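Input: a single structure, listed below in structure tokens.
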Amino acid sequence: MTIYHFVGIKGSGMSALAQILHDMNFKVQGSDVEKHFFTQVALEESEIKILPFQKENIEPGMTIIAGNAFPDDHEEIQEAMKLGLPVIRYHRFLGDFMKSFTSIAVTGAHGKTSTTGLLSHVLSGAKPTAFLIGDGTGKGDKDAEYFAFEACEYKRHFLSYFPDYCIMTNIDFDHPDYFTSIDDVFSAFQEMSWQVKKGIFACGDDEQLQKIQAKVPVLFYGFGEENDFQARNVVKSTEGTTFDVFVRNTFYNTFSIASYGDHNVLNALSVIAVCHYEGIDAQIVQAQLTTFGGVKRRFTEKVIGRQVIIDDYAHHPTEIKATIEAARQKYPEREIISVFQPHTFTRTQTFLDEFAASLNMADQVYLCEIFGSARENHGKLSIEDLQAKVSGALVLNEAETAILKGHDESVLIFMGAGDIQKFQKAYEMQL
């Protein structure tokens, strides 16, 4: 039996895929940099071997799954090619893997991870389900009927997939290091829609998604009356959110979620629509929605003393706005403090004014130095350019997080897609 060797196993998709293959009794190992990533915890719990990068890891008889971040001149990929081993890129492997199941892709500029997590949890209550979530969580099941997975639009990677169904949460301009405009992003989603085999569930409140054309039925969900699946009578509380669902203007059922903000109602509505289409009992859906515990790094809360500390992946202005609104719903009486680390120079430059507008919704803002990426680790922009546009914002460095103690009984939201957790960890050490 071949050993699947993952080059870059700590990547969120790679880590999840490794767990899926391991659960299905394949032999799995991988390599990566020494630095600790939250994605490796699950790999270690499954006793999947993680090696430091070196060409000696590559041996005859292996199948190499290569992470998208690693070019063909990487020493392990070079060694594999020299030995004549199959080298398959992550998204190509995933495209082939899903053919054995009823596959449901979840894509969109925002909300992919939360929606994939919720979808897999709800489906699992009805039938055996395998899933791959962008927070590094993966689960395989040899009896699985469904495969729910996150499909990323970056560099049009999702065009490697031909899923049975696809949830499209929204189209927004992001990844300005690759996409040139909102029209360029739309063209990628339009191309993806031609590849879906059975049906698309698209948010009809999104102007861009309203223009999507496909060879399969497109069912729209949202708050607007023209949607096929509509949320009405939304009741928000500090405990969560309850709403009625109407299917083509006919009352279907009432559902509750233990999460906050309009974006989470829309995520739940997309899942309800898929389950309705697949004939899954509404009572199962109701029960599963209430027991969903969330995904990693999406509004992940802990209480320390009299402060609530939230870890969130928000790294685009639209996501920051949604996260702050969710915090206000749950903690209406408390001061909301945002600790934000911008992710990539091109994104910060492109959305400088939009970042400022969304951050200004918080009561106080702390900014951390811009986090570069493997693709771009410097730029002309500095964190002071953003600070100048955010009222009263202060720049925070890792050694001086004690200043946050001054916000007694507040909600502190650590936001970003880089290494914002090191600031949170430094602050928790102070406490």
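In this text the structure is predicted, and so the values were computed from the model without any measurement.
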Check this for me: does any side-chain nitrogen of one of Lys139 and Asp23 sit under 4.0 Å from a carboxylate oxygen of the other?
no
Carboxylate-amine/guanidinium contact Asp228 Arg248, below 4.0 Å:
yes
Taking Glu335 for the side chain and Val411 for the main chain, is one N or O donor matched with an acceptor at less than 3.5 Å?
no
Counting distance only, does the side-chain N/O of Asn227 pair as donor-acceptor with the main-chain N or O of Gln230 below 3.5 Å?
no
Exactly one of Tyr221, Phe229, Tyr277 clears ring-ring contact (aromatic ring centres under 6.0 Å, His included) with Phe201, and that residue is Tyr277
Check Phe251, Tyr252, Phe223 against Phe246 for a ring-ring contact (aromatic ring centres under 6.0 Å, His included) and give me the one that passes.
Phe251
Is there a donor in the side chain of [X] and an acceptor in the side chain of [Y], or the other way round, less than 3.5 Å apart?
| X | Y | answer |
| --- | --- | --- |
| Gln190 | Ser193 | yes |
| Asp419 | Gln341 | yes |
| Glu153 | Tyr178 | no |
| Asp206 | Asn170 | no |
| Thr115 | Asn267 | yes |
| Asp183 | Ser181 | no |
| Gln29 | Tyr4 | no |
| Arg298 | Asn264 | no |
| Glu239 | Ser237 | no |
| Glu325 | Gln329 | no |
| His121 | Thr291 | yes |
| Thr113 | Glu150 | yes |

Excluding sequence neighbours, so at least two apart, what forms side chain to side chain contact (heavy atoms under 4.5 Å, CB included) with Gln283?
Asp281, Gln286
With sequence neighbours left out, what residues match Gln19 under side chain to side chain contact (heavy atoms under 4.5 Å, CB included)?
Ser15, Ala42, Leu43
Tell me, with the steps shown, if His263 and His110 meet ring pair (Phe, Tyr, Trp, His ring centres under 6.0 Å).
CA-CA 9 Å; His263 62 297; His110 319 294; over 10 Å; no
Which residues pass the ring pair (Phe, Tyr, Trp, His ring centres under 6.0 Å) test with His315, not counting sequence neighbours?
Tyr313
Partner set under ring pair (Phe, Tyr, Trp, His ring centres under 6.0 Å) for Tyr427, not counting sequence neighbours:
none
If you look only at pairs with a residue in residues 156-169, which of them pass as a salt bridge (charged side-chain N to carboxylate O under 4.0 Å, His left out), with sequence neighbours excluded?
Arg156-Asp184
Taking the side chain as everything from C-beta on, heavy atoms only, tell me whether Thr129 gets closer than 4.5 Å to Phe147.
no
Quick one: are Tyr161 and Asp96 in side-chain contact, heavy atoms under 4.5 Å?
no
When the side chains of residues 349-356 are checked against the rest of the protein, which donor-acceptor pairs come out under 3.5 Å, sequence neighbours left out?
residue: Thr350; atom: OG1; partner: Thr346; partner atom: O; Å: 2.6
residue: Asp353; atom: OD1; partner: Lys389; partner atom: NZ; Å: 2.8

